[in-house]
Protein chains: 2
Amino acid sequence: MNPNFDSIGKQFVEQYYLVFDNKDIRGQVAVMYHPTDALLTFEGQQFQGVEAISEKMKTIPIDNMFRQITTIDCQPTVDGGVLVNVIGQLKNNSENDKVLGFSQTFVLKPANNSFFIFHDIFRLVIHNA
Amino acid sequence: MNPNFDSIGKQFVEQYYLVFDNKDIRGQVAVMYHPTDALLTFEGQQFQGVEAISEKMKTIPIDNMFRQITTIDCQPTVDGGVLVNVIGQLKNNSENDKVLGFSQTFVLKPANNSFFIFHDIFRLVIHNA
(Lines give C-alpha, C1' and ligand atoms only; values in the text may rest on other atoms or scores of the structure.)
Protein backbone atom coordinates (compact mmCIF):
# COMPACT_ATOMS: atom_id res chain seq x y z
CA MET A 1 0.00 0.00 0.00
CA ASN A 2 1.13 3.55 -0.68
CA PRO A 3 1.77 5.34 2.66
CA ASN A 4 1.03 8.69 0.99
CA PHE A 5 -2.47 7.66 -0.08
CA ASP A 6 -4.12 10.54 1.77
CA SER A 7 -2.08 13.36 0.23
CA ILE A 8 -2.17 11.68 -3.21
CA GLY A 9 -5.96 11.47 -3.06
CA LYS A 10 -6.47 15.02 -1.83
CA GLN A 11 -3.97 16.51 -4.28
CA PHE A 12 -5.63 14.64 -7.11
CA VAL A 13 -9.09 15.94 -6.17
CA GLU A 14 -7.79 19.50 -6.09
CA GLN A 15 -6.19 19.19 -9.54
CA TYR A 16 -9.18 17.41 -11.03
CA TYR A 17 -11.73 20.05 -10.02
CA LEU A 18 -9.39 22.91 -10.95
CA VAL A 19 -9.58 21.63 -14.54
CA PHE A 20 -13.16 20.32 -14.55
CA ASP A 21 -14.73 23.47 -13.11
CA ASN A 22 -13.25 25.71 -15.80
CA LYS A 23 -15.36 25.33 -18.91
CA ASP A 24 -12.50 26.38 -21.22
CA ILE A 25 -10.21 23.54 -20.16
CA ARG A 26 -12.72 20.96 -18.87
CA GLY A 27 -11.91 18.60 -21.76
CA GLN A 28 -8.38 18.23 -20.41
CA VAL A 29 -9.56 16.06 -17.50
CA ALA A 30 -9.66 13.30 -20.12
CA VAL A 31 -5.89 12.77 -19.83
CA MET A 32 -6.35 11.84 -16.15
CA TYR A 33 -8.39 8.75 -17.08
CA HIS A 34 -6.86 5.40 -18.06
CA PRO A 35 -7.04 5.33 -21.88
CA THR A 36 -8.96 2.08 -22.29
CA ASP A 37 -10.04 0.76 -18.88
CA ALA A 38 -11.42 3.86 -17.15
CA LEU A 39 -15.10 3.59 -16.18
CA LEU A 40 -17.30 6.63 -15.60
CA THR A 41 -20.82 6.47 -14.18
CA PHE A 42 -22.28 9.97 -14.48
CA GLU A 43 -25.77 10.32 -13.04
CA GLY A 44 -26.37 6.64 -13.80
CA GLN A 45 -25.00 6.68 -17.36
CA GLN A 46 -21.99 4.42 -17.98
CA PHE A 47 -18.95 5.24 -20.15
CA GLN A 48 -15.71 3.33 -20.75
CA GLY A 49 -12.37 4.65 -22.00
CA VAL A 50 -11.03 8.14 -22.60
CA GLU A 51 -12.81 8.61 -25.91
CA ALA A 52 -16.32 7.97 -24.57
CA ILE A 53 -15.62 9.87 -21.35
CA SER A 54 -14.22 12.81 -23.30
CA GLU A 55 -17.33 12.93 -25.50
CA LYS A 56 -19.54 12.91 -22.40
CA MET A 57 -17.58 15.78 -20.82
CA LYS A 58 -18.31 17.94 -23.85
CA THR A 59 -22.06 17.54 -23.37
CA ILE A 60 -22.18 18.60 -19.71
CA PRO A 61 -24.49 21.62 -19.88
CA ILE A 62 -22.76 23.81 -17.34
CA ASP A 63 -20.36 26.70 -17.58
CA ASN A 64 -17.89 27.56 -14.86
CA MET A 65 -18.87 26.11 -11.51
CA PHE A 66 -18.50 27.19 -7.96
CA ARG A 67 -17.64 24.14 -5.96
CA GLN A 68 -17.29 23.77 -2.24
CA ILE A 69 -15.72 20.58 -0.92
CA THR A 70 -17.27 19.34 2.33
CA THR A 71 -15.23 16.15 2.94
CA ILE A 72 -12.58 14.07 1.17
CA ASP A 73 -12.02 10.52 2.48
CA CYS A 74 -9.13 8.42 1.13
CA GLN A 75 -8.17 4.76 1.60
CA PRO A 76 -5.13 2.90 0.20
CA THR A 77 -5.80 -0.08 -2.11
CA VAL A 78 -3.64 -3.24 -2.20
CA ASP A 79 -2.28 -2.43 -5.68
CA GLY A 80 -0.78 0.88 -4.55
CA GLY A 81 -3.80 2.90 -5.63
CA VAL A 82 -6.19 5.16 -3.77
CA LEU A 83 -9.96 5.06 -3.22
CA VAL A 84 -11.36 8.59 -2.82
CA ASN A 85 -14.85 9.71 -1.83
CA VAL A 86 -15.73 13.40 -2.12
CA ILE A 87 -18.83 15.14 -0.80
CA GLY A 88 -19.53 18.76 -1.62
CA GLN A 89 -21.79 21.39 -3.09
CA LEU A 90 -22.10 22.81 -6.59
CA LYS A 91 -23.49 26.03 -7.93
CA ASN A 92 -23.56 27.14 -11.53
CA ASN A 93 -22.38 30.66 -12.23
CA SER A 94 -25.88 31.98 -12.69
CA GLU A 95 -27.09 33.95 -9.68
CA ASN A 96 -30.42 32.17 -9.60
CA ASP A 97 -29.20 28.61 -9.58
CA LYS A 98 -29.73 26.72 -6.41
CA VAL A 99 -26.96 24.89 -4.59
CA LEU A 100 -26.83 21.12 -5.12
CA GLY A 101 -25.00 18.52 -3.07
CA PHE A 102 -22.89 15.94 -4.87
CA SER A 103 -21.02 12.71 -4.11
CA GLN A 104 -18.11 11.52 -6.27
CA THR A 105 -16.03 8.37 -5.90
CA PHE A 106 -12.68 7.84 -7.65
CA VAL A 107 -10.31 4.89 -7.79
CA LEU A 108 -6.79 5.94 -8.79
CA LYS A 109 -4.06 3.49 -9.80
CA PRO A 110 -0.36 4.05 -10.36
CA ALA A 111 1.14 3.79 -13.86
CA ASN A 112 4.24 5.38 -15.42
CA ASN A 113 5.18 7.41 -12.34
CA SER A 114 1.71 8.93 -12.19
CA PHE A 115 -1.86 7.99 -11.28
CA PHE A 116 -4.77 7.29 -13.60
CA ILE A 117 -8.48 7.31 -12.83
CA PHE A 118 -9.83 3.76 -13.26
CA HIS A 119 -13.22 4.39 -11.65
CA ASP A 120 -15.35 7.52 -11.36
CA ILE A 121 -18.93 7.57 -10.03
CA PHE A 122 -20.67 10.96 -9.91
CA ARG A 123 -24.10 11.70 -8.44
CA LEU A 124 -25.95 14.84 -7.51
CA VAL A 125 -27.52 14.24 -4.09
CA ILE A 126 -31.18 14.77 -4.94
CA HIS A 127 -33.57 12.70 -2.83
CA ASN A 128 -37.16 11.94 -3.83
CA ALA A 129 -36.40 13.20 -7.31
CA MET B 1 -14.52 -8.59 -14.82
CA ASN B 2 -17.64 -10.10 -13.37
CA PRO B 3 -20.54 -9.61 -15.81
CA ASN B 4 -23.01 -9.75 -12.89
CA PHE B 5 -21.39 -6.82 -11.06
CA ASP B 6 -24.60 -4.80 -10.99
CA SER B 7 -26.81 -7.44 -9.38
CA ILE B 8 -24.00 -8.52 -7.02
CA GLY B 9 -23.56 -4.93 -5.83
CA LYS B 10 -27.27 -4.24 -5.41
CA GLN B 11 -27.96 -7.54 -3.67
CA PHE B 12 -25.06 -6.93 -1.31
CA VAL B 13 -26.33 -3.46 -0.38
CA GLU B 14 -29.78 -4.87 0.38
CA GLN B 15 -28.36 -7.59 2.64
CA TYR B 16 -25.92 -5.25 4.35
CA TYR B 17 -28.54 -2.69 5.37
CA LEU B 18 -31.04 -5.39 6.37
CA VAL B 19 -28.55 -6.45 9.04
CA PHE B 20 -27.04 -3.05 9.87
CA ASP B 21 -30.36 -1.27 10.37
CA ASN B 22 -31.59 -3.77 12.96
CA LYS B 23 -29.92 -2.93 16.24
CA ASP B 24 -30.29 -6.51 17.56
CA ILE B 25 -28.22 -8.05 14.76
CA ARG B 26 -26.08 -5.07 13.64
CA GLY B 27 -22.90 -6.74 14.96
CA GLN B 28 -23.35 -9.48 12.35
CA VAL B 29 -22.30 -7.17 9.51
CA ALA B 30 -18.76 -7.85 10.77
CA VAL B 31 -18.69 -11.21 8.96
CA MET B 32 -19.12 -9.38 5.64
CA TYR B 33 -15.75 -7.62 6.04
CA HIS B 34 -12.41 -9.19 5.10
CA PRO B 35 -10.92 -10.42 8.43
CA THR B 36 -7.60 -8.58 8.28
CA ASP B 37 -7.53 -6.24 5.26
CA ALA B 38 -10.94 -4.53 5.43
CA LEU B 39 -10.76 -0.74 5.82
CA LEU B 40 -13.63 1.31 7.25
CA THR B 41 -13.71 5.11 7.26
CA PHE B 42 -16.72 6.13 9.35
CA GLU B 43 -17.31 9.88 9.54
CA GLY B 44 -13.57 10.38 9.03
CA GLN B 45 -12.42 7.81 11.60
CA GLN B 46 -10.33 4.94 10.19
CA PHE B 47 -10.55 1.27 11.24
CA GLN B 48 -8.81 -1.84 9.86
CA GLY B 49 -9.83 -5.49 10.21
CA VAL B 50 -12.96 -7.17 11.52
CA GLU B 51 -12.06 -6.77 15.17
CA ALA B 52 -11.67 -2.97 15.08
CA ILE B 53 -14.66 -2.57 12.77
CA SER B 54 -16.79 -4.78 14.98
CA GLU B 55 -15.88 -2.70 18.05
CA LYS B 56 -16.81 0.48 16.19
CA MET B 57 -20.20 -0.95 15.17
CA LYS B 58 -21.05 -1.53 18.83
CA THR B 59 -20.56 2.16 19.63
CA ILE B 60 -22.87 3.54 16.93
CA PRO B 61 -25.41 5.42 19.03
CA ILE B 62 -28.52 4.60 17.07
CA ASP B 63 -31.30 2.09 17.42
CA ASN B 64 -33.27 0.77 14.51
CA MET B 65 -33.07 2.98 11.48
CA PHE B 66 -35.39 3.88 8.71
CA ARG B 67 -33.36 4.03 5.56
CA GLN B 68 -34.39 5.08 2.12
CA ILE B 69 -32.05 4.31 -0.75
CA THR B 70 -31.95 7.01 -3.42
CA THR B 71 -29.38 5.57 -5.86
CA ILE B 72 -27.01 2.59 -6.09
CA ASP B 73 -24.25 2.79 -8.73
CA CYS B 74 -22.03 -0.24 -9.39
CA GLN B 75 -18.87 -0.72 -11.48
CA PRO B 76 -16.87 -3.93 -12.07
CA THR B 77 -13.21 -3.96 -10.94
CA VAL B 78 -10.41 -5.78 -12.81
CA ASP B 79 -9.99 -8.37 -10.03
CA GLY B 80 -13.60 -9.58 -10.34
CA GLY B 81 -14.84 -7.29 -7.57
CA VAL B 82 -17.44 -4.56 -7.47
CA LEU B 83 -17.25 -0.85 -6.60
CA VAL B 84 -20.56 0.35 -5.14
CA ASN B 85 -21.70 3.88 -4.31
CA VAL B 86 -24.94 4.36 -2.38
CA ILE B 87 -26.80 7.60 -1.74
CA GLY B 88 -29.79 7.71 0.55
CA GLN B 89 -31.53 9.07 3.61
CA LEU B 90 -31.54 7.99 7.23
CA LYS B 91 -33.92 8.60 10.09
CA ASN B 92 -33.61 7.29 13.59
CA ASN B 93 -36.74 5.69 15.04
CA SER B 94 -37.52 8.70 17.20
CA GLU B 95 -40.34 10.81 15.77
CA ASN B 96 -38.46 14.05 16.27
CA ASP B 97 -35.25 13.14 14.51
CA LYS B 98 -34.61 14.90 11.29
CA VAL B 99 -33.81 13.11 8.07
CA LEU B 100 -30.13 13.05 7.09
CA GLY B 101 -28.62 12.27 3.70
CA PHE B 102 -25.73 9.81 3.51
CA SER B 103 -23.16 8.58 1.01
CA GLN B 104 -21.49 5.16 1.36
CA THR B 105 -18.87 3.58 -0.88
CA PHE B 106 -18.01 -0.14 -0.79
CA VAL B 107 -15.39 -2.18 -2.62
CA LEU B 108 -16.28 -5.90 -2.66
CA LYS B 109 -13.85 -8.63 -3.70
CA PRO B 110 -14.44 -12.31 -4.37
CA ALA B 111 -13.07 -14.96 -1.99
CA ASN B 112 -14.22 -18.51 -1.20
CA ASN B 113 -17.27 -18.38 -3.45
CA SER B 114 -18.47 -15.22 -1.76
CA PHE B 115 -17.67 -11.51 -1.58
CA PHE B 116 -15.95 -9.63 1.23
CA ILE B 117 -15.95 -5.90 1.91
CA PHE B 118 -12.40 -4.57 1.48
CA HIS B 119 -13.29 -0.87 1.56
CA ASP B 120 -16.14 1.02 3.23
CA ILE B 121 -16.39 4.82 3.42
CA PHE B 122 -19.45 6.24 5.20
CA ARG B 123 -20.40 9.91 5.46
CA LEU B 124 -23.52 11.75 6.49
CA VAL B 125 -24.09 14.50 3.92
CA ILE B 126 -23.98 17.56 6.18
CA HIS B 127 -22.63 20.68 4.49
CA ASN B 128 -21.27 23.68 6.37
CA ALA B 129 -21.26 21.60 9.54
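All values below were derived from every heavy atom in this structure, side-chain atoms included, with hydrogens, water molecules and symmetry-related copies excluded. Each chain gets a letter, A, B and so on, in the order its sequence line appears, and its residues count up from 1.
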Spacing of CG belonging to Leu83(A) relative to CG belonging to Leu83(B), to within rounding of 0.5 Å: 7.0 Å
Under a 4.5 Å cut-off applied to non-hydrogen side-chain atoms, are His119(B) and Val107(A) in contact? no
Output the distance between atom CD (Gln75(A)) and atom OG1 (Thr105(B)), rounded to the nearest 0.5 Å. 9.0 Å
CD (Glu43(B)) with more than 12 external heavy atoms under 6.0 Å: yes
Roughly how far apart are Asp79(B) CG and Thr77(A) OG1, rounded to 0.5 Å? 9.5 Å
Ile69(B) portion near chain A, given a 4.5 angstrom heavy-atom threshold: neither
Distance col, row Thr70(B):OG1 vs Arg123(A):CZ, nearest 0.5 angstrom, shows 9.5 Å
Part of Thr41(A) within contact of chain B (heavy atom distance under 4.5 Å): both
Co-membership, hydrophobic cluster, residues Phe106(B) and Phe122(B), 4.5 Å side-chain: yes
State yes or no: do Val50(B) and Phe118(B) share one hydrophobic cluster built from I, L, V, M, F, W and Y residues joined by side-chain heavy-atom distances below 4.5 Å, directly or via other members? no
Inter-residue atom distance Ile126(B).CD1 - Thr71(A).OG1, 0.5 Å rounding: 10.0 Å
Are Leu18(B) and Phe12(B) joined in one hydrophobic group, where the rule is that I, L, V, M, F, W and Y side chains link up if heavy atoms are under 4.5 Å apart? no
Determine whether a donor-acceptor pair (N or O, by modelled atom type, separation under 3.5 Å) exists between the side chain of Gln89(A) and the backbone of His127(B). no
Side chain to side chain contact (heavy atoms under 4.5 Å, CB included) assessment of Val78(B) paired with Lys109(A): CA-CA 12 Å; Val78(B) 286; Lys109(A) 289 193 200 182; 3.3 Å; yes
Within the structure provided, determine whether Asn85(A) and Ser103(B) are in side-chain contact (heavy-atom separation under 4.5 Å). yes
Side chain, backbone, both or neither: which part of Val99(A) has a non-hydrogen atom closer than 4.5 Å to chain B? neither
In terms of heavy-atom pairs under 4.5 Å with chain A, the winner among Ile87(B), Val125(B), Ile121(B) is Ile121(B)
Do Val86(A) and Ile53(A) belong together in a cluster built from hydrophobic side chains that touch within less than 4.5 Å? yes
Say whether Phe47(A) and Tyr33(A) are linked into one hydrophobic cluster, either directly or through other cluster members, by side-chain heavy-atom distances under 4.5 angstrom. yes
